Amino acid sequence: MADADFIVREAQPEDVPAAAALGAELVRFHHALDPQRFAILADPLEPGYERFLAGRLRDHSAVVLAAKLESGGTGADDAGGGIIGYAFGQLEPVNWFELLDACGRFHDLMVHPAHRGRGVGKALARAMLDRLRQRGAARIVLSAAWANPPARQLFEALGFRPTMVEMTREF
Ligand SMILES: CC(C)(COP(=O)(O)OP(=O)(O)OC[C@H]1O[C@@H](n2cnc3c(N)ncnc32)[C@H](O)[C@@H]1OP(=O)(O)O)[C@@H](O)C(=O)NCCC(=O)NCCS
């Protein structure tokens, strides 16, 4: 498969089921990293994620991006409709508990396993930074699981620095 056989664009309503399927996989991915910390709060996850993302498409403070195979895909190695990755972020107000001024929050980034390691994640992340900046974000903040070195390396390569360490214990 050629290197740049995909495009990154604002998600369209027809992309939502595939993006929601990837979002559900993102939840399961985190659950597998640390089942105690990353709870699966509702199953099946896809319907709720679909409703959530559909709402975000109508919300100007939110950015939902899709990476789509230019060939359209076959559904065999994509999430449907040629969608191979998605990203979600939004503008958020001041958060006093976190001593965090208004910012863009980069919440979700997921690439279909069949298409990892060839620039899709970085392209989605760069596009998310551009969009949030264009919409007025002076800073972008994200959280990456400690047990997820690929994500931490990707974000550090894009200029993010570690700023908080979340710690958890159970009773
Ligand atoms: C993390 C993820 C989004 C990366 O997507 P990708 O398309 O494979 O990433 P890219 O090919 O664009 O690689 C970009 C950078 O990520 C880092 N990276 C990607 N895969 C990596 C791996 N297996 N190990 C270490 N670093 C890795 C590297 O810094 C890489 O840059 P390089 O190619 O110049 O070395 C993807 O692995 C994924 O969806 N993982 C599961 C969900 C997840 O972790 N989401 C992010 C947290 S919300």
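Because the structure is predicted, anything quoted here is derived from the model rather than measured. Both counts, for ligands and for their atoms, begin at 1 and track the order of listing.
- Side-chain polar atoms of Q36 and H31 form no donor-acceptor pair below 3.5 angstrom.
- In this structure, a donor-acceptor pair under 3.5 Å is absent between the side chains of E10 and Q12.
- Comment: R56 engages D59 in a salt bridge, judged by a side-chain N to carboxylate O separation of less than 4.0 angstrom.
- By the side chain to side chain contact (heavy atoms under 4.5 Å, CB included) test, R37 is found to be paired with D34, E166, T168, residues two or more places apart in sequence or in another chain being considered.
- Pocket lining of ligand 1, defined as residues with a non-hydrogen atom under 4.0 Å away: L26, F29, L109, M110, V111, R116, G117, R118, G119, V120, G121, K122, N148, P150, A151, Q153, L154.
- With side-chain heavy atoms closer than 4.5 Å counting as contact, directly or through intermediates, the hydrophobic cluster containing M167 also holds V165.
- Cluster partners of V141 are L100, counting Ile, Leu, Val, Met, Phe, Trp and Tyr whose side-chain heavy atoms approach within less than 4.5 Å, directly or via other members.
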